[in-house]
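Please read the structure below before turning to the comments.
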There are 2 protein chains.
Amino acid sequence: MNVQLTEKIEIIFKSTLELICEKGFHGTPMSQIAKQSDVAIGTIYHYFPSKDNLIIELFCYCKQKINNYIFSDWDSTLSYKSRFFIVMRKFCAFYLENTDMFSFMEQFHNSPYLEISRNSWEKNLNEENNIMAFLYEGMRIAELRNINIYILTSSCIGIATSFAKKVIYGPLEFTDENLNEMIEIIWNGVKQQN
Amino acid sequence: MNVQLTEKIEIIFKSTLELICEKGFHGTPMSQIAKQSDVAIGTIYHYFPSKDNLIIELFCYCKQKINNYIFSDWDSTLSYKSRFFIVMRKFCAFYLENTDMFSFMEQFHNSPYLEISRNSWEKNLNEENNIMAFLYEGMRIAELRNINIYILTSSCIGIATSFAKKVIYGPLEFTDENLNEMIEIIWNGVKQQN
DNA sequence: TGTAACCGAATGAACGTTCAATTGACAGAA
DNA sequence: TTCTGTCAATTGAACGTTCATTCGGTTACA
């Protein structure tokens, strides 16, 4: 993140999220973002050199948000399995409480923006990296099977993302029961078999 | 699908896929699609009433392709587990042999086009529905645990999609070993525990 | 001879971006 | 306290470009 967060910037982010969620990247002109933010177009260009840059900065902002959310109140005294369930649960909960961000990030992840922005990422802030470290730990202490780390990470995130999508756009209800059912599937898949 | 497939239309589809994969929906103007297809702009409008319609028709075309691919050479004498592995393997193989389609469909799935096109879908051609039926069968014959069908479907597809993404964009190699490792995760997760 | 396929210059609207002008906040001088 | 200079913040009309779409005409062929 290269911009300092101010109230004004947060409003611009919020409006951009709402509009992109509803209309997509290219269905949301800068003029509309300005209008919805109650700000002049010039003001947006005062903070962001271009629309592309605004979108990339917004992406970084979202990654930080979810990362902070998942790993806040971290209790390392809990069993690994408990923590695994918490991580997965929080991952879903965040996106289901912030569907704008979910929609935006999914669009971003599947657009050429990802390539454009790859260089400017601080890899350490990658939302996946904390999760990856946590899964690594699971293998090290033999709670998880010994699996290629990329397969392991993408499996956990993939299943959770796809669950969230089914809840947001589809016919699935967001209940504890459904959530736990999904997490149990992946837990059974990756846990150390005994 | 509302258009008859002709050689010319397949060329237009192919060019559109390539361009959208590289540049995204709105980075690919009709003029470029025409140029790459070696066809006049007017010709495209002869077959498709609008750019949006072209994209939606292309989406339907892709869904049919993958569906035919997965369920061709279907051998119902094989064990359920074998067929499960084949479906998952073919799902990944198709997208990894057709990365243009993968990129396009992922973009489509996460764009407002999805909503626009929902009404015009024949639900039966939904790529997921054949897979859903196959998973249903697995539960009926007690090869799979009794799980909410939407959770089950989205888990299997989510994990495979996410695997394909890691191979295409990321650091994961597409080897039989990796593929099997991924499928075993989800199989362990959903199979009837004994 | 009629019709479907095909062509591409022209059109007009929409959009990202610029920039000259204005306002507001505030530090230091008087 | 008042005045003044400075600079960041803000404004939005205007600009130039790009793009989807149109349409009048041409070709292929049945």
Side-chain angles (χ1 to χ4, degrees), chain A residues 1-59 61 104 107-108 111-113 115-117 120, chain B residues 1-59 61 104 107-108 111-113 115-117 120:
Chain A
M1 189 108 80
N2 302 312
V3 288
Q4 285 298 314
L5 272 184
T6 65
E7 205 179 324
K8 193 138 289 190
I9 287 178
E10 295 219 62
I11 289 174
I12 292 171
F13 277 166
K14 190 160 175 293
S15 306
T16 309
L17 278 177
E18 286 168 10
L19 288 167
I20 287 181
C21 171
E22 198 184 342
K23 306 275 189 176
F25 284 136
H26 301 269
T28 64
M30 292 296 262
S31 56
Q32 256 188 74
I33 296 176
K35 191 188 277 183
Q36 180 137 345
S37 307
D38 214 8
V39 139
I41 291 184
T43 305
I44 299 180
Y45 280 92
H46 178 71
Y47 292 107
F48 305 96
S50 68
K51 186 182 179 185
D52 281 1
N53 180 270
L54 163 59
I55 286 172
I56 289 169
E57 290 289 342
L58 178 52
F59 182 67
Y61 170 79
F104 169 74
Q107 287 188 55
F108 191 96
S111 76
Y113 278 118
E115 277 307 319
I116 298 170
S117 73
S120 68
Chain B
M1 188 109 80
N2 302 312
V3 289
Q4 285 299 314
L5 271 184
T6 65
E7 204 179 325
K8 193 138 289 189
I9 287 178
E10 295 218 64
I11 289 174
I12 293 171
F13 277 166
K14 190 161 175 292
S15 306
T16 309
L17 279 177
E18 286 167 9
L19 288 166
I20 287 180
C21 171
E22 198 184 343
K23 306 274 189 177
F25 283 135
H26 300 268
T28 64
M30 292 297 262
S31 55
Q32 258 187 72
I33 296 175
K35 191 189 276 183
Q36 180 138 343
S37 307
D38 214 7
V39 139
I41 291 183
T43 305
I44 299 180
Y45 279 91
H46 178 71
Y47 291 108
F48 305 96
S50 69
K51 186 182 179 184
D52 281 0
N53 179 270
L54 163 60
I55 287 171
I56 289 169
E57 290 289 341
L58 178 52
F59 182 67
Y61 169 80
F104 169 73
Q107 287 187 57
F108 190 96
S111 76
Y113 278 117
E115 276 309 317
I116 298 170
S117 73
S120 68

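Residue numbering restarts at 1 for every chain, and letters A, B, ... go by the order of the sequence lines.
Taking the six-membered ring where the residue is Trp, the centroids of B/Tyr47 and B/Phe13 are separated by 6.0 Å or more.
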Q: For nucleotides 2-7 of chain C, just jot down a letter per nucleotide in 5' to 3' order: B, S or -, based on protein non-hydrogen atoms under 4.0 Å.
A: ---BSB
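Residues of residues 18-32 of chain B having a heavy atom closer than 4.0 Å to DNA chain D, listed by number: B/Thr28, B/Pro29, B/Met30.
Taking every heavy atom of both residues into account, B/Ser37 and B/Ile12 meet most closely at OG-CA, 3.6 Å. Closest approach of A/Tyr45 and A/Lys51 over heavy atoms only: OH-N, 4.4 Å.
The separation between B/Ile44 atom CD1 and D/dC23 atom P is 18 Å, rounded to whole Å. As a whole-Å value, the separation of B/Asp52 CG from D/dT21 C1' is 12 Å. Summarising the geometry, the separation between CG on B/Asn53 and C1' on D/dA20 is reported as 14 Å, rounded to the nearest angstrom. For A/Lys35 and C/dC15, the NZ to C1' distance is 14 Å, given to the nearest whole Å. Distance, B/Tyr45 OH to C/dG8 P: 16 Å, rounded to whole Å.
The structure places NZ of A/Lys23 at 13.5 Å from OG of B/Ser111, a figure rounded to the nearest 0.5 Å. Between atom OH of residue B/Tyr61 and atom OG1 of residue B/Thr16 there is a gap of 11.0 Å, rounded to the nearest 0.5 Å.
Contact of the B/Glu57 side chain with the B/Leu54 side chain is not registered, since no non-hydrogen atoms from C-beta on lie closer than 4.5 Å.
Salt-bridge check for A/Glu10 with A/Lys14: failed, with every basic side-chain N at 4.0 Å or more from each acidic carboxylate O.
A/Gln107 contributes a side-chain N or O that, together with a main-chain N or O of A/Ile20, makes up a donor-acceptor pair within less than 3.5 Å.
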